[in-house]
Amino acid sequence: MRRLTQFKAWWRQSPHLRIGLVMFTLVALVALFAPLLETHDPYRLSAPSRMAPGGEWLLGTDALGGDIYSMIIEGSRTSLKVGFIAALISGVIGVLVGGVSGFLGGKTDRIVSEIVNIFLMLPTFFLVLMTVALFGSSMTNVMIIIGLTSWPGNARLMRVQAMSLKERVFVRSAEALGESRLSILFRYIIPNGIFPVITNTAMGVAGAILMEASLSFIGLGDPNIVSWGQMVYAGKSYMTSAWWVSLFPGLAIIFTVMSIYLICDGLNHVLNPKNARREA
Amino acid sequence: MKRYVARRLLTGLLTVVVVMVLNFVIIHAAPGDPVRIMAGMEHPSEAQMEELRVRFGLDKPLWQQLFIYMGQVARGDLGTSYTYNTPVLSLIADTLGPSALLALTSCVLSFLIGTLLGLFTARHQGSWIDSTLSYVSYFFDSMPPFWLGLVSILVFASTLHLLPTSGMVNLRAQNTGWALGVDIATHLILPCGTMTLIQIPGYLRLTRSSVSQVMQEDYITTFRATGMSEKQIFRKYVLKNAILPTITVFGISLAYVVTGAALVEIVFAWPGIGRLMLNAINRRDYPLLMGIYLMLSVSVAVVTLAVDLLYAWIDPRIRLK
């Protein structure tokens, strides 16, 4: 109940959060009910090639005779799946590495944060690109590789949280009561320090969606799956004669990514103690 | 200061080493025979395979191979691209000029436009212009750069016929001197405009939030209490303090100057490193791909280091921390 009132207060406080949540819910519902919304099988190429939007094919068809509208509906599943799984992998690794490093401190911390610094300097996109090119561009590979390369930012956030939390009285008392370090880390440090990581991970969902689109655009997408990035890629040669092939899936990417950005911005706004005080 | 410089140098050096190790590990962990991967074909000729085995010491233990590879890279030998039959290093060097031209221009433009827009919205917080610009900035922030590039080609090149669709020069015209400059500039407008539009939102939001943060500081309230005009406070005190984070981000963006535009280069067939990379992927030219990744990482490490040192020199708070 208290959570609900809290949420209502946030809802009132930030228009960005409101709009973002409405947009994102829409995308999530589309992904959930995709089979009901599709007018044609997104994997069957039965329509005439490059039909203009309108008529039987709402948003037209692509060069191979796929229905753009149904493919965009289906693509929402792909994007959300890539986004969430990649962000989850990066969130879990980031929280564990950052939490352990900040909580233990000392030599471990110095070595780990140096590694994090180095990884933050690497151009991630090119690392992902090269790995996908060599290991094969299956969906699973893409998700795992994006997740494995994007954790350092989360680790840095969690580390700072852990460093400040371990000095707090409630953690000190748990230590004095003889609780094990592992249990302190998982029961006090991580649950209390995870919020900035969650916002960052949400941004990571958007980042992973954009990265999958970019990979698809250079021909490194999973050929067995319908994805928005691959649709843009497929239409790029027909931009002048069949603009709808690339245009609509691009708009779908923007809509989804923008909803996530707005939610994150709204969350940062309502969670910022400065703004909260002004409201009260 | 000396200790700070030494520490930053060490991190930069370690980054380059890590990149080399990553390159090495990826090639060896990838499914398939490293010889075939490096040759870029299923059935390389016996002579090719023999050459690669000797070159990378593939009959020796793995750790020795790693050192052989690192030694070659340290001597500036990034191997040979089999598809171009040219040393990788010279292929990359040829693309750096066009890439830097596109990326630097858009970096500077987006920094200037974004910061100015950010200052403007910060002065007019809560107005309809402010909230409209805020949503527009999120819209462009969410946009895949390559998609914006395609749409701008559709609008300005194929429909309105105002600008060339792709490339850096008009090959048929054979321009020289002044005409060549104008030719390159017209070809630059679309790719550079795309990159600029994508990068503006970051500066806009950063400047806006940084200005409103400074405005809440106690010393600004004090100036207000003394009756100083709002304009003077803004010009003399808010601006100088609020602009610092923006300059920091500009510095960071300089580090990624060559990597950031790769996909847009591909859309506009700009003869930069992005297009070289695409060719390397399409033709399975792994020595070239690894070389590009290595060079990009080195350039990021070097520029980050330079920017960091410059800041430390400007701002004593950093080097003394």
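Chain identifiers are assigned alphabetically (A, B, ...) following the order of the sequence lines, protein sequences preceding nucleic acid strands; residue numbering begins at 1 within each chain.
Heavy atoms closer than 4.5 Å to chain A are found in both the backbone and the side chain of B/M290. Neither the backbone nor the side chain of A/A206 comes within less than 4.5 Å of any heavy atom of chain B. Heavy atoms of A/I218 lying under 4.5 Å from chain B belong to its backbone as well as its side chain. At a 4.5 Å heavy-atom cutoff, B/S131 makes no contact with chain A through either its backbone or its side chain. Interface remark: B/I26 contributes backbone and side-chain atoms alike to the contact with chain A (heavy atom separation under 4.5 Å). Interface remark: B/I153 contributes no atoms to any contact with chain A (heavy atom separation under 4.5 Å). Neither the backbone nor the side chain of A/L215 has a heavy atom closer than 4.5 Å to any heavy atom of chain B. Neither the backbone nor the side chain of A/I209 comes within less than 4.5 Å of any heavy atom in chain B. Both the backbone and the side chain of B/V151 come within contact range of chain A, each with at least one heavy atom under 4.5 Å from a heavy atom of that chain. Neither the backbone nor the side chain of A/Y233 comes within less than 4.5 Å of any heavy atom of chain B. Using a 4.5 Å cut-off between heavy atoms, B/A262 touches chain A through its side chain atoms alone.
Within the 4.5 Å cutoff, no side-chain heavy atoms of A/I254 are placed close to those of B/F140. B/S297 has its side chain within reach of A/P123: a pair of non-hydrogen atoms, C-beta onward, lies under 4.5 Å apart. At a threshold of 4.5 Å between non-hydrogen side-chain atoms, the residues B/F146 and A/S214 count as touching. Contact check for A/L129 versus B/L289: side-chain heavy atoms found under the 4.5 Å cut-off. A/W243 places none of its side-chain heavy atoms less than 4.5 Å from the side chain of B/L150. By the 4.5 Å heavy-atom criterion applied to side chains, A/M130 and B/N23 are counted as neighbours. Considering only heavy atoms from C-beta on, B/T15 stays 4.5 Å or farther from A/F119 through its side chain. In this structure, B/V267 and A/K236 have side chains that are not in contact, with every pair of non-hydrogen atoms separated by 4.5 Å or more.
Annotation: maximal heavy-atom pairing with chain B below 4.5 Å, among A/T256, A/L247, A/I19, A/L251, occurs at A/L247. Among A/S246, A/G229, A/G136, A/G219, the residue making the largest number of heavy-atom pairs under 4.5 Å with chain B is A/S246. Comparing A/T131, A/I253, A/D265, A/N117 by heavy-atom pairs within less than 4.5 Å of chain B, the highest count is held by A/D265. Annotation: maximal heavy-atom pairing with chain B below 4.5 Å, among A/A213, A/P249, A/S259, occurs at A/A213. Contacts with chain B were tallied for A/L134, A/I115, A/V257; A/L134 has the most, counting heavy-atom pairs under 4.5 Å. When each of A/L127, A/I260, A/L220 is scored by its heavy-atom pairs under 4.5 Å with chain B, the top score falls to A/L127.
Shown here is B/R275, whose CZ atom has more than 12 heavy atoms of other residues, nucleotides or ligands within 6.0 Å. In the displayed structure, A/F135 atom CZ is contacted under 6.0 Å by more than 12 heavy atoms of other residues, nucleotides or ligands.
The CG atom of B/L296 lies 11.5 Å from the CG atom of A/L122; values are rounded to the nearest 0.5 Å. Atoms CG and CE, on B/D141 and A/M258 in that order, are 9.5 Å from each other to the nearest 0.5 Å.
Across all their heavy atoms, B/L14 and A/E114 have their closest contact at CD1-OE2, 4.1 Å.
Here B/Y293 and A/F126 keep their ring centres 6.0 angstrom or further from each other.
In this pair, A/H16 and B/Y135 present their aromatic rings perpendicular. The plane angle is above 60°, beyond the 30 to 60° band.
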